[in-house]
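One-based numbering along the sequence shown.
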Amino acid sequence: MLRNRVLLAVSFAVFAAYVGTDMVVPVRVLYAQQQGASLAVIGAMATAFLISNFIFQYPAGWLADRWGRKPLMVAGLVAQAAISLAYIFAPDPLAFVVLRLLEGMASATMLPSARALIADAVPAEKRGEAYGVFNAFFNASLLLGPGIGSGLAVFGYAPVFAAAAIARLIAVGVVVALIQGVSRRKTGEQEHKRQVAARELFSLPLVGAYVFVFGDYLYLGFDLTIFPLWMQNHLGASIQLIGLTYILWGVPTTLLSPLGGRLADRVRRSTLMLVFGAAQVPFYFVFGLLESAWPVAVLSLFFGAIYALMQPAIDTHVAASSAEDVRGRVQGVYSSIGLAGAFVGANGLTWLYEVDFRLPLFGLGIAFGICVLVGGLLVRLSESRGAAARKVEHSSLAR
């Protein structure tokens with residue numbers, strides 16, 4: 001699997017891009033707060049990002065199917081680099097809202113194209129392992145990004161955003177130099193003429209994945225708006241400890257994601273989703289009861305390990321449940337619904353945070369648990385009916 005050039009190039013490009021993203025994660029909210037942003041403006045920043053990212057996910061997937069995965073990734077990465085630099089010159093906190101709006105549009109081009117490229121380049125029977133490798137690279141960005149960002153923040157916030165721009169440009173170089181054309185069964189003209197039925201985007205196996213990812217992304221909304229404030233203002237964490245918490249979560253997700261991918265090729269995927277999804281729920285309740293930051297950092301090691309055994313199963317299931325010529329669009333819908341969950345998390349959990357800082361964690365635990373149960377059981381039902389299995393068989397035969 002490590003000899004697959006496209007897989008490694010895509011994985012390394014995503015790694016470099018998200019090192020840039022993760023550099024900024026521990027400091028963006030604190031930077032905005034320093035510049036005079038209220039909690040309402042901070043919430044608006046997250047909302048602007050999530051709405052624009054949500055709106056552009058499906059168009060990005062459509063463009064990936066029509067224009068090509070590689071050109072779209074390059075355009076998005078260049079835009080993200082420019083936006084990172086623009087933060088340095090933002091005149092007031094409200095400008096951050098506009099930049100987050102633009103950033104959401106640009107970032108929508110990355111993951112649907114990357115995941116579709118991997119599905120294009122890897123045989124169906126090895127996609128679990130491939131997505132495990134991809135997720136290892138993706139999560140490895142947390143080993144470098146937050147540490148670099150929190151370290152550079154000692155010298156001010158501007159170096160963090162400049163370094164993030166450089167990381168995106170490195171990713172551009174990787175995409176341009178190493179990702180070559182990946183052949184697909186149909187010509188572009190044939191693909192464009194075919195009408196895509198709604199059932200291809202909302203089949204039972206995919207609906208199960210959509211429910212699951214909605215719950216999974218609720219935490220992203222919390223992360224974008226509340227996590228740094230919760231850690232610093234209520235648990236007494238420094239910026240460096242906040243960065244370390246991200247790193248500690250990234251260590252097991254990087255090391256164990258390949259194992260999670262191999263399991264996804266061998267074990268019923270709904271079982272992995274249900275077991276390891278449910279195992280995450282107690283962490284949210286424990287986090288809500290903590291009164292210091294160090295236990296959060298330590299528990300993040302175990303939290304990340306469980307997540308690493310779950311995530312490749314979802315990615316593999318989505319790839320197996322989508323036809324090749326609409327794969328970008330399916331990935332777009334999948335990401336859009338996840339971002340809808342993040343939007344709900346960012347707004348609903350911010351409201352709970354204003355009532356009591358513990359309530360967002362408790363709300364996360366309940367909501368994610370419901371989505372794991374409903375989404376996982378829908379995937380199990382689709383497996384029992386053979387819907388997901390037929391997709392895998394069809395894709396394998398086509399190759």
Side-chain angles (χ1 to χ4, degrees), residues 10 14 49-69 72-73 76 104-120 124 127 131 134-135 138 184 186 191-192 194-221 269-270 273 277 310-346 368 371-372 374-376 378-379 381-383 387-388 390-392 394-395:
V10 170
V14 168
F49 174 83
L50 293 169
I51 288 177
S52 65
N53 205 304
F54 171 82
I55 290 172
F56 282 91
Q57 284 291 330
Y58 184 80
W62 180 84
L63 282 172
D65 287 333
R66 186 182 185 102
W67 186 26
R69 330 291 197 202
L72 195 64
M73 290 174 70
M105 295 167 57
S107 66
T109 63
M110 193 66 187
L111 288 181
S113 297
R115 290 188 177 118
L117 261 174
I118 291 171
D120 292 341
R127 283 188 193 141
Y131 282 117
F134 172 77
N135 282 320
F138 178 72
R184 292 185 286 165
K186 295 184 179 182
E191 289 180 359
H192 305 159
R194 190 171 77 81
Q195 294 296 316
V196 177
R199 64 178 178 273
E200 295 184 75
L201 304 178
F202 295 95
S203 62
L204 179 62
L206 291 174
V207 169
Y210 297 158
V211 172
F212 201 99
V213 78
F214 180 90
D216 188 27
Y217 270 55
L218 289 169
Y219 181 81
L220 176 61
R269 289 160 195 158
S270 61
M273 294 165 66
M310 177 196 77
Q311 185 59 39
I314 304 172
D315 289 341
T316 309
H317 170 75
V318 172
S321 303
S322 56
E324 187 173 17
D325 58 341
V326 296
R327 191 164 285 146
R329 278 161 280 192
V330 168
Q331 291 290 345
V333 173
Y334 173 69
S335 296
S336 293
I337 292 175
L339 288 164
F343 176 80
V344 171
F368 179 61
C371 290
V372 166
V374 174
L378 287 175
V379 172
L381 178 61
S382 73
E383 291 172 342
R390 281 196 297 271
K391 293 286 186 182
V392 174
H394 171 75
S395 185

Quick one, W67 and W62 - any side-chain contact, counting heavy atoms below 4.5 Å? no
Side-chain contact, heavy-atom cut-off 4.5 Å: F134 with L111? yes
[X] (side chain) donor-acceptor with [Y] (main chain) under 3.5 angstrom:
| X | Y | answer |
| --- | --- | --- |
| S107 | G104 | yes |
| S52 | F49 | yes |
| E383 | S270 | yes |
| S203 | E200 | no |
| H317 | A209 | no |
| Y58 | S335 | no |

Taking every non-hydrogen atom, the tightest pair across [X] and [Y]:
| X | Y | value |
| --- | --- | --- |
| A114 | V10 | CB-CG1, 3.6 Å |
| L50 | A346 | CD1-CB, 3.8 Å |
| Q57 | P112 | OE1-CG, 3.1 Å |
| R269 | A320 | NH1-CB, 3.6 Å |
| S382 | V379 | OG-O, 2.7 Å |
| L72 | S113 | CD2-OG, 3.5 Å |

In Å, rounded to the nearest 0.5 Å, how long is the span from [atom1] of [X] to [atom2] of [Y]?
| X | Y | atom1 | atom2 | value |
| --- | --- | --- | --- | --- |
| S336 | N53 | OG | CG | 8.0 Å |
| L63 | T109 | CG | OG1 | 9.5 Å |
| T316 | Y131 | OG1 | OH | 7.0 Å |
| M273 | L378 | CE | CG | 9.5 Å |
| F54 | M105 | CZ | CE | 15.0 Å |
| I118 | R115 | CD1 | CZ | 8.5 Å |

Passes side-chain contact (heavy atoms from CB on, under 4.5 Å), R329 versus L201? Steps please. CA-CA 8 Å; R329 278 161 280 192; L201 304 178; 4.2 Å; yes
Decide, yes or no, whether a salt bridge links D65 with R327 under the criterion of side-chain N to carboxylate O below 4.0 Å. no
If the threshold is 4.0 Å, N to carboxylate O, is there a salt bridge linking R69 and D120? yes
Determine, step by step, whether Y217 and F343 satisfy the ring pair (Phe, Tyr, Trp, His ring centres under 6.0 Å) criterion, reporting the C-alpha distance in whole Å, the side-chain angles of both residues, the deciding distance to 0.1 Å, and the verdict. CA-CA 9 Å; Y217 270 55; F343 176 80; over 10 Å; no
Determine, step by step, whether Y334 and D315 satisfy the side-chain contact (heavy atoms from CB on, under 4.5 Å) criterion, reporting the C-alpha distance in whole Å, the side-chain angles of both residues, the deciding distance to 0.1 Å, and the verdict. CA-CA 10 Å; Y334 173 69; D315 289 341; 3.7 Å; yes
For D216, what residues pass the salt bridge (charged side-chain N to carboxylate O under 4.0 Å, His left out) criterion, not counting sequence neighbours? none
Please walk me through it: do Q331 and V318 pass side-chain contact (heavy atoms from CB on, under 4.5 Å)? CA-CA 8 Å; Q331 291 290 345; V318 172; 3.9 Å; yes
Between C371 and F212, is a side-chain contact (heavy atoms from CB on, under 4.5 Å) present by the stated rule, with each step listed? CA-CA 5 Å; C371 290; F212 201 99; over 6 Å; no
